[in-house]
Engineer: 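The structure follows.
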Amino acid sequence: MTLRSFLGLIKDRWKLIVVVTVLAGAISAGVTARTTRMYSSGLTFFVSAQIDSSNVVQAYQANLLSQQKVQSYANLLTGHELASAVVQSTGLSIPTAQLQSRISAQAVPQTVLLRASVTSESPYQAQEIARAIARIFPGQIDRLEHTATGKASTAVVQVVEPPSFSPTPVSPEPLRNVGTGLALGLLAGLALAAAARSLDTTLKTADQVTQVLGGKPVLGVIPYDPTSRSNPVPGDGLLTGPRMEAFRKLRVSLGFIEVDTPRKVLMFTSALPNDGKSTTVCNLAIALGTVGTRTVLVECDMRRPQVGKYLGLPNGAGLTDVLLERARLEDVIQTWGDDSVDVLTSGVLPPNPGDLLGSRKMEQLIERLRERYEVVLLDMPPALALADAAAVGQYCDGAIIVARHGRTRAAQLRRVCESLASAGTPVLAGVLNMVRSRDAGGGRYGYGYGYYEAEKEQREGARLGGQARPGRGEAVAEPLAQRAKGRPGNRAMASDATPPRL
Ligand SMILES: Nc1ncnc2c1ncn2[C@@H]1O[C@H](COP(=O)(O)OP(=O)(O)OP(=O)(O)O)[C@@H](O)[C@H]1O
Ligand SMILES: [Mg+2]
């Protein structure tokens, strides 16, 4: 893993890493709080040999002897005999083995000093036990040495540091424990993040989508925009902001797909609900309308229609009424904005949407729209759960599949392609929606010049004529002032031979 991908991992999964780290820190803090506090009392013995100090050689040897003995005395300090003598002497109700485990001792290297320490739940009890050791241990050594040699003992054990008293517990150590917990949590969080990333098969880049679509291009990378829920389409028709800039790019890219075979009836579908089909298709229709392309948006989602809501149009009579011959197309088609986009909402929701959408009437309607408009956009329900997209697909020139960043899985997108292919609908391209800035490949700043320039031009257009103007560098067919005017039924219709103006 390179440093770059490591930093990318942290950036992508920082929430998981933080949660695991904080959790581990909290657990260790909880365990620390519940752990019994232990206090310690320490004391130091000095071991000396009784010799004639005027003789230097003897004094040296005696010192060496004492150093060797100190090692053995350390073991005696933690022995059963001393513990049992301490229990008897103090009258404490602690089992001898337990007391024994609470005494530790060590010889200070290269010296004749012997350190002992006692731990207990109470600092007073620890000191009391240490005091008992200070009282009992020298006598115990004296007896041992005396019995071994049969003469008076040459080794003398004296207390040089009396038992200490400390009200501060020696364990647990909250700082060390919580620090260790946080460090382990951080490592676990990083490991989990790496595992989650390697198991994550959701699509995040345009390249991944292209790969799954068998090399078909991604026409648009639409950034995630938190204002989209409250403002799914630009209310004023001005295509400003990074998301709208992306729709303008989508409009331009649309003109470049399969240029040898002009496609004008395009359906938009996706794998799952809420991938952003309706918002994408509404904004694309508006983007097309702003450059004068005669566009009709047909809402073929007869289960959860949203187009009317997003565009602020009533969804009274619509597609179903035309298909059931309860209304004429001219009477139910609505115009959004300043004559730029025609919209056929779903109409009354039927009990059998699949049958209606796959009917001969639907085919005839699409042919009529094909004759009247330069671009016909169909907003479909999700393709994995419902067969509606496949039913309508047979009458379309192709499908554009919306993939939702970080949610649509490669396998799901593949299944959508398979279901469309089985209905004979060519998949033309993809759109990657709700892309978080880090995966946008340059993000907002990558769009910088075009965005601000476009915004300026549009403001200018709005100031001069109250109209939105197309952005710089786009394939514009005609100025808005010359756009065909007219209401449903009398607007200038394009012939089939007219190429779409994108
Ligand atoms: N680029 C975006 N950034 C943030 N939110 C978005 C974006 N695109 C769409 N959304 C939001 O996602 C939600 C679903 O969008 P939309 O209705 O377009 O999805 P859909 O695929 O048509 O759903 P359905 O399958 O139900 O028809 C909406 O609240 C919409 O505002
Ligand atoms: Mg929808």
Side-chain angles (χ1 to χ4, degrees), residues 202-206 209 218-235 239-251 266-287 297-313 315 318-320 336 341 343-347 349 353-354 357 377-392 399-409 412-413 415-416 419-420 430-441 443-444 447 451:
T202 59
L203 299 165
K204 299 216 174 53
T205 64
V209 176
V218 169
L219 300 183
V221 174
I222 319 292
Y224 180 83
D225 180 357
T227 65
S228 173
R229 269 173 216 285
S230 55
N231 196 17
V233 299
L239 299 179
T240 56
R243 191 161 72 97
M244 297 308 157
E245 173 69 10
F247 287 120
R248 288 150 54 90
K249 289 191 169 197
L250 173 57
R251 172 185 74 204
L266 304 170
M267 61 173 240
F268 281 69
T269 189
S270 77
L272 300 173
N274 287 320
D275 287 337
K277 302 172 284 296
S278 303
T279 38
T280 300
V281 85
C282 286
N283 283 293
L284 175 63
I286 292 168
L297 164 53
V298 185
E299 183 172 38
C300 299
D301 188 340
M302 296 178 177
R303 299 167 202 259
R304 217 159 70 92
Q306 294 287 329
V307 167
K309 188 177 123 192
Y310 290 165
L311 294 175
L313 297 172
N315 184 17
L319 177 61
T320 45
W336 184 88
V341 182
V343 181
L344 184 57
T345 54
S346 64
L349 303 186
L357 291 170
L377 301 176
L378 307 183
D379 177 31
M380 302 303 305
L384 281 190
L386 304 164
D388 298 7
V392 179
I400 293 175
I401 305 180
V402 177
R404 181 164 162 180
H405 174 265
R407 186 206 195 210
T408 308
R409 297 184 184 285
Q412 292 170 333
L413 204 61
R415 289 212 323 266
V416 173
S419 97
L420 292 173
V431 170
L432 187 57
N433 189 29
M434 300 198 213
V435 179
R436 304 282 170 171
S437 57
R438 61 176 174 269
D439 288 323
R444 182 187 177 113
Y447 296 124
Y451 162 47

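Order of listing sets the numbers, starting from 1, for every ligand and every atom in it. The structure displayed is predicted, hence computed values, not measured ones.
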Engineer: Using a 4.5 Å cut-off on heavy atoms from C-beta on, say whether the side chain of Thr280 contacts that of Phe247.
Structural biologist: yes

Engineer: Taking the side chain from Thr269 and the backbone from Pro381, do they hold a donor-acceptor pair closer than 3.5 Å?
Structural biologist: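 It does hold such a pair.
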
Engineer: Judged by atom type as modelled, is there a donor-acceptor pair below 3.5 Å linking the side chain of Asn283 to the main-chain atoms of Thr279?
Structural biologist: yes

Engineer: In a check of side-chain hydrogen bond (donor to acceptor under 3.5 Å, both in side chains) between Ser346 and each of Asp379, Asp301, Asn315, Thr320, which one passes?
Structural biologist: Asn315

Engineer: How many protein atoms of type N/O/S are positioned less than 2.8 Å from the Mg ion (ligand 2)?
Structural biologist: 1

Engineer: Any heavy-atom pair between the side chains of Asn274 and Arg304 that's under 4.5 Å?
Structural biologist: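 Result yes, sub-4.5 Å side-chain heavy-atom pair found.
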
Engineer: Measure the OG1-CG distance between Thr408 and Leu272 for me, rounded to the nearest 0.5 Å.
Structural biologist: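 Taking OG1 in Thr408 and CG in Leu272, the distance rounds to 6.5 Å.
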
Engineer: So which residues, sorted by chain and number, lie with a heavy atom under 4.0 Å of ligand 1?
Structural biologist: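 Close residues (ligand 1, cut-off 4.0 Å): Ile222, Pro223, Tyr224, Asp225, Ser228, Arg229, Arg243, Pro273, Asn274, Asp275, Gly276, Lys277, Ser278, Thr279, Asp301, Arg304, Tyr310, Pro382, Asn433, Met434.
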
Engineer: Checking Arg404 side chain against Leu203 main chain: does a donor-acceptor pair fall under 3.5 Å?
Structural biologist: no

Engineer: Atom CD1 of Ile401 and atom NZ of Lys277: how far apart are they, to the nearest 0.5 Å?
Structural biologist: 11.0 Å

Engineer: About how many Å separate SG of Cys300 and CG of Leu357, when rounded to the nearest 0.5 Å?
Structural biologist: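 Those atoms lie 5.5 Å apart.
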
